[in-house]
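For reference, the structure discussed in these notes is given below.
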Amino acid sequence: KVTLPLIHALSRFAAPSRAEVEAFFADPEPDDERIQRIVELVTDHGGLDYARSRARAFGERAAEALETLPAGEPVDALHVAIAYVIERRH
């Protein structure tokens with residue numbers, strides 16, 4: 001599926017890499033090797049770093065918005081949820 005890391009990385013791909021991604025999405029059942037290749041391309045072109053940066057920025061905004069609410073367990077739980085979403089790896 002097309003994700004933020006892929007969208008960001010696509011703008012940095014040279015023609016051969018872009019063609020590789022197009023062929024990948026044309027295949028209804030790509031094998032693990034092809035999936036890993038796309039992950040490598042996205043990682044090498046900054047897609048994951050970009051998505052993490054955006055997640056941190058949105059997390060900071062969310063945490064700031066929570067500061068306007070009364071303190072308590074529900075707000076604490078939302079802070080934990082923000083941290084979980086930002087720190088998770090998959």
Greater than 12 external heavy atoms within 6.0 Å of E67's CD: yes

Approximate separation, where rounding is to 0.5 Å, of L66 CG and R61 CZ: 12.5 Å

Heavy-atom donor-acceptor pair, R34 side chain to A23 backbone, under 3.5 Å: yes

Whether over 12 other heavy atoms sit under 6.0 Å from D27 CG: yes

Whether over 12 other heavy atoms sit under 6.0 Å from E33 CD: no

ILVMFWY network linking I38 to I7, side-chain heavy atoms under 4.5 angstrom: yes

Nearest-0.5 Å distance that lies between atom CG in L69 and atom CG in L78: 8.0 Å

Where P30 and I35 come nearest, the two heavy atoms and their spacing: O-CD1, 4.0 Å

Minimum-distance pair of heavy atoms, taken over all atoms of I82 and A62: CD1-CB, 3.6 Å

Interatomic spacing from OG in S17 to CZ in R37 - rounded to 0.5 Å: 6.0 Å

Point-to-point distance, once rounded to the nearest 0.5 Å, from CG of D44 to CZ of R12: 13.0 Å

Plane angle bin for F13 and H45 - parallel if under 30°, tilted between 30 and 60°, otherwise perpendicular: perpendicular

Any side-chain heavy-atom pair of L6 and F25 under 4.5 Å: yes

Flag side-chain contact, heavy atom, 4.5 Å: V42 against T3: no

Closest non-hydrogen atom pair, G59 against I86: CA-CD1, 3.5 Å

In one Ile/Leu/Val/Met/Phe/Trp/Tyr side-chain cluster, 4.5 Å: F24, V2: yes

